[in-house]
J.: 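Please see the structure below; I have some questions.
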Number of protein chains: 2
Amino acid sequence: MKKETVSSYLEQYNLSTMFPDRVQQAMQLETYTGGNRLFSQGEKSDTLYLLVEGKLKVSRLSPEGKRLILAFKSPFDFVGDIEYIRKCTLINTVEAVTTTTVIRIPYEALENSMTNNTEWLQFLLETITHKFELKSHAMNFSLLYAVDVRVASYLLAMTPNDTTLDSTSLVDMADLIGTSYRHLNRVLKQFEEQGWILKKRGKITIINRDSMLKQFGNNIYE
Amino acid sequence: MKKETVSSYLEQYNLSTMFPDRVQQAMQLETYTGGNRLFSQGEKSDTLYLLVEGKLKVSRLSPEGKRLILAFKSPFDFVGDIEYIRKCTLINTVEAVTTTTVIRIPYEALENSMTNNTEWLQFLLETITHKFELKSHAMNFSLLYAVDVRVASYLLAMTPNDTTLDSTSLVDMADLIGTSYRHLNRVLKQFEEQGWILKKRGKITIINRDSMLKQFGNNIYE
DNA sequence: ATAATAATGGGACATATGTCCTTTCGGTAT
DNA sequence: ATACCGAAAGGACATATGTCCCATTATTAT
């Protein structure tokens with residue numbers, strides 16, 4: 001099967017005309033195997049990542065050592081864009097969940113060639129404001145609703161066309177939703193008792209989506 | 001005392017050179033008395049607001065009618081910037097807390113004259129990524145820490161050079177922190193019993209800042 | 001001066017949630 | 001086949017938190 005290149009990915013995501021040749025020359029494909037870390041919170045930041053294949057986990061630790069998973073990311077998405085604009089160190093830790101391919105773009109190449117490119121600046125505004133909206137919604141959601149609603153919303157959102165969640169670990173799921181592993185288990189057991197899901201060794205299948213929607217319907221995570 | 005104008009506010013905030021004359025001509029000063037609403041969530045959005053004097057409260061209602069206060073804003077800040085980029089309806093309700101002055105800038109004026117102004121686009125990127133950082137930090141904070149830590153951080157953050165909080169109502173404070181009015185009262189009573197604050201009819205004075213910092217120090221809200 | 005209203009304050013009750021620790025079970029290595 | 005390890009599962013206990021409702025007090029309107 002033909003190997004993907006920077007050019008073919010940019011074409012696939014309609015970005016070929018966005019970047020002049022000398023920026024594309026500076027771009028490099030890189031593939032990480034699942035479990036490997038791209039970078040860690042607090043490190044110096046000099047590269048913008050475009051996630052083009054696979055799945056990334058974005059997390060951070062509190063000063064007390066408690067981990068919070070901020071997001072799982074899938075293509076197409078930027079990582080390091082906020083740090084690029086703000087010129088600060090990396091805010092979060094990012095790891096590959098599955099085999100993952102990114103395009104690495106040195107900040108320097110962007111600064112030399114894209115700083116006054118209004119199409120690029122507008123594109124960044126689009127993507128960053130979209131992230132802001134999602135973040136804002138997620139924050140409101142977590143402040144307004146208890147853990148059971150948040151779990152239900154997560155399960156429903158993660159299975160738009162399917163009934164089985166992909167194999168996210170339960171510890172990761174708890175850290176994403178912002179609750180303890182123990183409590184997540186309680187809630188999932190309740191959902192099983194209600195007849196909404198089947199749960200076996202962390203593998204979750206939704207068996208009565210309509211009933212869950214009826215119960216939680218107004219509050220679906222997106 | 002001389003009345004402020006659009007020009008004098010733009011000068012005060014170093015924005016005179018950012019906007020060409022025809023955009024400045026379209027700007028209008030408007031003053032709202034405390035308690036008055038600028039606009040409500042869900043309304044059509046056609047104006048970018050620059051808050052130049054006073055204090056605004058940004059809030060929203062859940063489908064169940066529960067209110068969340070997202071932020072209190074003070075000068076200099078944009079309101080409606082996310083909606084301007086995303087071309088969507090207003091995400092939140094905004095009200096004046098005190099007598100408040102804003103500069104209203106029609107989106108149309110910006111679209112006609114600023115869409116390809118790279119200085120403006122960069123400026124928006126700066127301010128929006130800053131908001132994103134604050135939002136992200138606030139979200140992480142609320143997921144990682146219980147109500148008592150969040151209350152302490154809020155009290156400490158709101159009194160950088162003073163000992164008495166301004167007169168935010170306790171209901172508003174509870175809605176901002178994302179807890180019930182009842183629970184906020186429990187926490188404040190605890191802080192009073194610990195000798196950290198004096199609380200009388202909702203007026204809060206911090207009387208032992210050092211002790212609070214020692215207890216909660218790693219987790220100050222900014 | 002008085003009445004009405006709104007904000008403050010808190011009791012009672014129930015549920016939600018975190019922490020700590022142990023047991024079970026499936027996957028992996030030998 | 002067996003041992004080891006890590007993820008899943010759940011008991012026990014304590015605290016955090018929400019909900020509902022009522023009493024008190026200060027502010028505002030008459």
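The structure presented is a predicted model; accordingly, all values stated were derived computationally and were not measured. Note on naming: letters A, B, ... go to the chains in the order of the sequence lines (proteins, then strands), and numbering restarts at 1 for each one.
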J.: Which ones in residues 197-205 of chain B lie close to DNA chain C, meaning a heavy atom under 4.0 Å from one of its atoms?
T.: K199(B), K200(B), R201(B), G202(B)
J.: Could you state the NE2-C1' distance from H183(B) to dA12(C), rounded to the nearest angstrom?
T.: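 Rounded to the whole Å, the gap is 16 Å.
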J.: Can you see if the side chain of K189(B) gets near the phosphate of dG9(C) - specifically, an N or O under 4.0 Å from OP1 or OP2?
T.: no
J.: Send over the distance from L68(B) CG to dG18(D) P, rounded to a whole Å.
T.: 12 Å
J.: Roughly, in whole Å, what's the span from CD in E193(A) to C1' in dA9(D)?
T.: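 Roughly 13 Å, once rounded to whole Å.
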J.: Would you mind telling me which residue lines up with the more 5' stretch of DNA chain C, T168(B) or V187(A), judged by nearest nucleotide?
T.: T168(B)
J.: Where do T101(A) and T31(A) land on the side chain to side chain donor-acceptor pair (under 3.5 Å) test, with the steps shown first?
T.: CA-CA 4 Å; T101(A) 301; T31(A) 297; 3.0 Å; yes
J.: So Y13(B) and F76(B), would you call those rings parallel, tilted or perpendicular, with 30° and 60° as cut-offs?
T.: tilted
J.: Can you tell me whether the side chain of Y181(A) and the base of dA9(D) have a donor-acceptor pair closer than 3.5 Å?
T.: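 Side chain to base: pair present.
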J.: Rounded to the Å, how far apart are D172(A) CG and dG6(D) C1'?
T.: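 Spelled out: CG on D172(A) to C1' on dG6(D) is 14 Å.
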J.: Would you say L125(B) and L125(A) make side-chain contact, with heavy atoms under 4.5 Å?
T.: yes
J.: Measure the distance from CG on N185(B) to C1' on dC21(D) and round it to the nearest whole Å.
T.: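 Rounding to the nearest Å, CG of N185(B) and C1' of dC21(D) are 15 Å apart.
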J.: Would you say the side-chain atoms of Q41(A) pair up with the backbone N or O of L61(A), donor to acceptor, closer than 3.5 Å?
T.: yes
J.: Between R182(A) (CZ) and dA16(D) (P), how many Å, whole number?
T.: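 My rounded result for the distance is 19 Å.
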J.: Can you tell me the distance, in whole Å, between the CG atom of L170(B) and the P atom of dG10(C)?
T.: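 Rounded to whole Å, this separation is 11 Å.
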J.: Ion pair present between K55(A) and D77(A), side-chain N to carboxylate O less than 4.0 angstrom?
T.: no
J.: When you measure from the side chain of T179(B), which nucleotide among dC13(D), dT17(D), dT19(D) comes out closest?
T.: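 Nearest listed nucleotide: dT17(D).
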J.: Side chain to side chain donor-acceptor pair (under 3.5 Å) between R150(B) and T179(B): does it pass, once the steps are laid out?
T.: CA-CA 10 Å; R150(B) 285 157 37 207; T179(B) 187; 6.0 Å; no
J.: Base of dG18(D), side chain of R186(B) - is there a donor-acceptor contact under 3.5 Å?
T.: yes
J.: Give the rounded distance in Å between these two atoms: CG of L165(B) and P of dT8(C).
T.: 13 Å
J.: Taking only residues two or more places apart in sequence or in another chain, which ones pass ring-ring contact (aromatic ring centres under 6.0 Å, His included) with Y49(B)?
T.: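 Per chain and number, Y49(B) pairs via ring-ring contact (aromatic ring centres under 6.0 Å, His included) with F39(B).
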